[in-house]
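Note that these values count all heavy atoms, side chains included, but never hydrogens, waters or copies made by symmetry. Here, residue 1 is the first one in the sequence, and each next residue gets the next number.
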Amino acid sequence: MRIGVFGGTFDPIHVGHLIAAEEVWVRMRLQKVLFVPTGRPWLKSDRAVTAAEHRLTMVRLAVASNSRFEASTVDIDRPGPSYTVDTLSDLGRQLPNAELFFIAGLDAVADMPRWREPARLVEMCQIVGMRRPGCTDLNLACIDEAIPGASRKIMIVDVPQIDISASDIRKRVAEGLPIRYLVPEAVEDYIKRNGLYIG
C-alpha cells in the first residue's frame, strides 16, 4: 500500500491542507493519506500551541467525509517532542507492508537538514514536497550536500495555490472576523463551541 503521511500542527486544520492532500493523493496514486497532528512540535517551542486533543478532534472532523483520509494519533500518543523520524519509524512498525510518502511544503523540505536524523528519515520514506505560495523552488544540491543522496527520494508536486494559513485563521478568530469557507464547517463550529483562539 502507498500511504501518505501528512504531518503538521493543524492549529487549526484548514481547507488548504485538505486541497493539497487531495492533490497529492491523486498525483502519487496513494491508497490513503494519514493526517498526523504533532504532539509537541519542537520547531514551534517559541509559541503556545492549542492542546493536542482539540487539534486532533478538528482533524477528525475535517477528514470524516473522505474515506481516503484518516487521522492518526501516532505523534500525540508518543511522549516528548514530535520528530518526523520517530513518526515514520512508528508508522513503519504499524504498517510494515506500506510504502510511506511523507508530505510537506517545499519550505519544510528545504529545512530538512535541520531535522532530527535526516539521513535515516530519507531511508524510511519518499518525500513529497508541495509547491505553495511563497515557496515554489527547492535547491536540491544544498540538500544533497547536507544529506548525501537525499534528492533521489524527493518528489515535487504542484498543488493548487491556496494562500490560507493557520496563523491568519487564529488571528481572524481573535479579531472577531469570519472564517467561514477557510475551514470545514464542522471545524468552524468546533472552534466556536470551545472558544478556541479568542484569548
Side-chain angles (χ1 to χ4, degrees), residues 1-13 16-17 20-21 24 28 30 32-56 58-59 69-132 134-157 159 165-167 170:
M1 286 188 65
R2 296 163 65 90
I3 304 292
V5 180
F6 194 177
T9 312
F10 300 124
D11 194 14
I13 190 169
H17 294 128
V24 173
M28 294 288 103
L30 304 177
K32 191 171 285 290
V33 176
L34 299 178
F35 286 73
V36 185
T38 54
R40 288 177 46 205
W42 69 276
L43 282 173
K44 297 185 179 176
S45 57
D46 59 333
R47 75 164 178 86
V49 174
T50 303
E53 59 266 25
H54 285 309
R55 293 183 289 109
L56 174 62
M58 287 188 284
V59 168
F69 291 173
E70 185 178 312
S72 169
T73 62
V74 66
D75 272 1
I76 290 171
D77 293 341
R78 186 189 326 103
S82 295
Y83 296 104
T84 302
V85 68
D86 296 332
T87 304
L88 292 168
S89 181
D90 288 351
L91 288 173
R93 284 192 291 272
Q94 291 177 15
L95 305 163
N97 299 316
E99 183 180 3
L100 300 178
F101 293 76
F102 183 75
I103 303 165
L106 280 189
D107 51 341
V109 176
D111 205 32
M112 202 165 59
R114 288 184 55 218
W115 297 2
R116 186 177 197 175
E117 299 183 66
R120 181 172 161 237
L121 186 152
V122 297
E123 290 175 2
M124 292 189 283
C125 67
Q126 297 286 330
I127 308 290
V128 181
M130 300 179 293
R131 287 193 176 94
R132 58 192 205 177
C135 190
T136 59
D137 200 12
L138 183 65
N139 190 331
L140 292 173
C142 283
I143 292 178
D144 273 342
E145 190 175 318
I147 315 164
S151 64
R152 293 192 303 270
K153 301 294 291 287
I154 297 172
M155 294 165 282
I156 298 174
V157 172
V159 299
S165 76
S167 59
R170 294 193 302 271

Exercise for the section: Any chance you could measure Asp11, atom CG, to Thr50, atom OG1, to the nearest 0.5 Å? Expected result: 3.5 Å
Exercise for the section: Could you list the residues that satisfy side-chain contact (heavy atoms from CB on, under 4.5 Å) with Ala21, not counting sequence neighbours? Expected result: Phe6, Val33, Phe35, Phe69
Handout entry: Residue pair Asp75 / Thr87, side-chain donor-acceptor N/O under 3.5 Å
Key = yes
Just distance, no hydrogens or angles: give the donor-acceptor pairs under 3.5 Å from side chains in residues 142-157, sequence neighbours left out.
unit_1 : atom_1 : unit_2 : atom_2 : d
Asp144 : OD1    : Gly149 : N      : 3.4
Asp144 : OD1    : Ala150 : N      : 2.9
Asp144 : OD1    : Ser151 : N      : 2.8
Asp144 : OD1    : Ser151 : OG     : 3.3
Asp144 : OD2    : Ser151 : OG     : 2.5
Lys153 : NZ     : Val122 : O      : 2.4
Lys153 : NZ     : Cys125 : O      : 3.1

Handout entry: Residues that Ser89 engages under side chain to side chain donor-acceptor pair (under 3.5 Å), provided they are two or more places apart
Key = Arg93, Arg120
Exercise for the section: Can you measure from CZ (Arg131) to CG (Asp107) and round to the nearest 0.5 angstrom? Expected result: 13.0 Å
Practice task
Give the minimum heavy-atom separation between Ala98 and Ile3, together with the two atoms involved.
Solution key: CB-CG1, 3.8 Å
Practice task
Name all residues meeting the side chain to side chain donor-acceptor pair (under 3.5 Å) criterion together with Ser72; count only those two or more places apart in sequence or in a different chain, and write none if there are none.
Solution key: none
Handout entry: Closest non-hydrogen atom pair between Trp115 and Val109, with its separation
Key = CZ2-N, 4.5 Å
Exercise for the section: Ignoring hydrogens and angles, tell me if any N or O in the side chain of Arg2 forms a donor-acceptor pair with the backbone of Phe101 under 3.5 Å. Expected result: no
Problem - From CA spacing to verdict: side chain to side chain contact (heavy atoms under 4.5 Å, CB included), Leu34, Leu95 - result: CA-CA 12 Å; Leu34 299 178; Leu95 305 163; 4.1 Å; yes
Practice task
Give the minimum heavy-atom separation between Pro118 and Met112, together with the two atoms involved.
Solution key: CB-O, 3.6 Å
Practice task
Just jot down the salt bridge (charged side-chain N to carboxylate O under 4.0 Å, His left out) partners of Glu53, sequence neighbours excluded, or say none.
Solution key: none
Exercise for the section: Spell out, as yes or no, whether a donor-acceptor pair under 3.5 Å connects the side chain of Arg116 to the backbone of Val85. Expected result: no
Exercise for the section: Flag the pair Leu121 / Ile127 as yes when at least one side-chain heavy-atom distance between them is below 4.5 Å, and no otherwise. Expected result: yes
Fill in the blank from the handout: Rounded to the nearest 0.5 Å, the CZ atom of Phe102 sits from the OG1 atom of Thr84 at a distance of 4.0 Å
Handout entry: Whether Arg55 side chain and Ile13 backbone form a donor-acceptor pair below 3.5 Å
Key = no
Practice task
Considering non-hydrogen atoms only, spot the tightest contact between Met124 and Leu100 and give its length.
Solution key: O-CB, 4.2 Å
Completion exercise
Contacts of Ile76 meeting side-chain contact (heavy atoms from CB on, under 4.5 Å) (sequence neighbours excluded), chain-then-number -> Pro37, Ala52, Leu56
